[in-house]
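Only heavy atoms go into these numbers, but all of them, side chains included; no hydrogens, no water, no symmetry mates.
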Amino acid sequence: MTKLSFNLWNDLDQFDLGNSNARPGVYLGQQATYLEKTGSAVFLHDEIPFTCFRLEAEVAIPEQVGFIGFVFGTKDSKNYELIYLAPEEIQYDPVMNGSTTWQIYNGPMYQKPLPNTTGKWEKFALEVQPNGAAVYMGDDTFPQLVIPNLQHGDPIGKIGFWGFLPSYIRNLSIEEIKPTPITKRERDLERLLTETFVTEWMVSPVTENHWTKAVVEENGILNLNRIYTAEQGSSVHAKSTFYIPEENETLLTFGYSDHLRLWVNDDEVYQGYWIWSPPESDGRIRSDFASVPVRWRAGFNTIRAEITNNEFFGWGLCIKTGLSNMSFITEEK
């Protein structure tokens, strides 16, 4: 099996540093690459010829906040797979249209809590297969986290590394490995419907009137980063129309990022703001973040939302109606 190795302190000329400001540094007496700029990826110039491979490096986070990890399956400079180490967790965070999405991909399917890793060198490894990836720490023989459904599909593309706030990486290796099947997790819209998620939406930029159909992610979230490029202050309208045979009263529960106005049958029922502002808030989208009681009428009902982006960590909406018998009506215009 073929293996490529880079020490990352005197061979950075083999990488496209972009605007990362990555540069040689020293931490705890070890030479390394130092990163400090917000969310910038560094790509190896050449694409690797492997379909199954292991990425491994030594990484360090010197302060209480910092993130360091691997990039792979790169479609272009604004769309790639990303898995990184944070001080107390591993996070899967696919970058879509230039934005990270960790506020959308949260919970045990995408995150693994860890003992605090701040202030020391850690061995961090990732085994990539055609249909998923597994993450290892230290000399683990069993993965800490398995991602069976990569959001960009086939992970062919450039590899590299990524940092957010002060972090270090050294001794990167890319090794061809044997195929090991990872069972794919399919998006189960029927299950989401039984859990009363709104699964079908029509979306349009507020500045336009061009409506297209959007289906939620495997976790029930409408991921606007997959559809649009996030810009601070940009807003999208989303609406879902459905039929129920009888009048009903339920508790509508929802989560969002970053700012939401919400209407049910043209009556505004909620307005709020939710962003990353630790320790008070993390901005992650959860279906039980807020709730309002709603009386639904027999026949057609409409939920309409205006979702505004203010940061670049995940932009979207998740709603559960409490209704078990919805029939969606979605038409592109």
Enclosure of N116 CG (heavy-atom neighbours >12, cutoff 6.0 Å): yes
Heavy-atom donor-acceptor pair, H237 side chain to E306 backbone, under 3.5 Å: no
Gap separating the CD1 atom of I221 from the CZ atom of F197, nearest 0.5 angstrom: 8.0 Å
Hydrophobic cluster membership, L145 vs L150, 4.5 Å side-chain cutoff: yes
From T180 atom OG1 to N131 atom CG, the distance as rounded to the nearest 0.5 Å: 10.0 Å
Any H210 side-chain heavy atom under 4.5 Å of T212 side chain: yes
ILVMFWY network linking L44 to V95, side-chain heavy atoms under 4.5 angstrom: no
Check against side-chain contact (heavy atoms from CB on, under 4.5 Å), V216 and T199: CA-CA 5 Å; V216 298; T199 59; 4.1 Å; yes
Enclosure of Q64 CD (heavy-atom neighbours >12, cutoff 6.0 Å): no
Sidechain N-carboxylate O distance under 4.0 Å for E36, R23: yes
Closest heavy-atom pair and its distance - F164, S167: N-OG, 4.3 Å
Side-chain donor/acceptor of T100 to backbone N/O of F312, under 3.5 Å: yes
Working for side-chain contact (heavy atoms from CB on, under 4.5 Å), residues E81 and V71: CA-CA 6 Å; E81 304 287 358; V71 169; over 6 Å; no
Pair W296 and F242, ring centroids less than 6.0 Å apart: yes
Exam field: side chain D93 to backbone T101, donor-acceptor pair closer than 3.5 Å: yes
Sub-4.5 Å side-chain heavy-atom contact between L114 and L85: yes
Closest approach of G314 to D258 (non-hydrogen atoms, all atoms of both residues): O-OD1, 4.0 Å
Exam field: side chain R191 to backbone T194, donor-acceptor pair closer than 3.5 Å: no
Smallest separation among heavy atoms of S281 and I275, with atom names: OG-O, 2.8 Å
Ion pair check, R295 and E247, cut-off under 4.0 Å: yes
Any donor-acceptor N/O pair, W121 side chain to Y27 backbone, under 3.5 Å: yes
Non-hydrogen side-chain atoms of D282 and N106 separated by less than 4.5 Å: no
From H45 atom NE2 to D16 atom CG, the distance as rounded to the nearest 0.5 Å: 6.0 Å
Heavy-atom donor-acceptor pair, Q232 side chain to N310 backbone, under 3.5 Å: yes
For R54 against I177, the heavy-atom pair lying closest together: CB-CG2, 3.9 Å
Test item: I319 and W201 side chains (from C-beta on) under 4.5 Å apart, heavy atoms: yes
Candidate list E58, Q31, E56, Q30, test side chain to side chain donor-acceptor pair (under 3.5 Å), partner N171, passing option: E58
Distance-only donor-acceptor check, side chains N97 and N225, under 3.5 Å: no
Ring geometry between F289 and Y256 (parallel below 30°, tilted from 30 to 60°, perpendicular above 60°): perpendicular
Q103-S257 side chain donor-acceptor pair, cut-off 3.5 Å: yes
Minimum side-chain heavy-atom gap P24-L12 below 4.5 Å: yes
Derivation and outcome, side-chain contact (heavy atoms from CB on, under 4.5 Å), residues V26 and W9: CA-CA 9 Å; V26 176; W9 60 83; over 6 Å; no
Working for side-chain contact (heavy atoms from CB on, under 4.5 Å), residues W276 and R284: CA-CA 8 Å; W276 182 55; R284 289 187 168 107; over 6 Å; no
Y34 and Y168 aromatic centres sub-6.0 Å: yes
Donor-acceptor side-chain pairing of N265 and W263 below 3.5 angstrom: no
Joint hydrophobic cluster, V203 plus V264, side-chain heavy atoms closer than 4.5 Å: yes
Residues T241 and T302: side-chain donor-acceptor under 3.5 angstrom: yes
Worked check of side chain to side chain donor-acceptor pair (under 3.5 Å) between Q151 and Y92: CA-CA 10 Å; Q151 296 301 315; Y92 174 55; 4.9 Å; no
Beyond-backbone contact of P179 with Q129, side-chain heavy atoms, under 4.5 angstrom: yes
ILVMFWY network linking L193 to L222, side-chain heavy atoms under 4.5 angstrom: yes
Backbone of D13 reached by a side-chain donor or acceptor of D11 within 3.5 Å: no
Heavy-atom side-chain proximity of V215 to R187 below 4.5 angstrom: yes
Flag side-chain contact, heavy atom, 4.5 Å: P148 against I182: yes
Heavy-atom closest contact (W315 atom, T229 atom, distance): CZ3-O, 4.2 Å
Cluster check F67, L82: I/L/V/M/F/W/Y, side chain < 4.5 angstrom: yes
Over all atoms of both residues, closest heavy-atom pair of N309 and E311: OD1-O, 2.7 Å
Atom pair CZ (F254) and CG (L317), whose distance is rounded to the nearest 0.5 Å: 8.5 Å
Test ring-ring contact (aromatic ring centres under 6.0 Å, His included) applied to F43 and Y80, F72, F161, the passing residue: Y80
Euclidean distance, S287 OG relative to L252 CG, rounded to 0.5 Å: 11.0 Å
With F124, the ring-ring contact (aromatic ring centres under 6.0 Å, His included) member among F70, Y84, W162: F70
Interatomic spacing from CD1 in I90 to CD1 in I147 - rounded to 0.5 Å: 9.5 Å
Residues, nucleotides or ligands: over 12 heavy atoms within 6.0 Å of E246 CD: no
S291 side chain to T253 backbone, donor-acceptor under 3.5 Å: no
N/O donor-acceptor pair under 3.5 Å between K78 side chain and S99 backbone: no
Test item: D140 side-chain N/O and P143 main-chain N/O as donor-acceptor pair under 3.5 Å: no
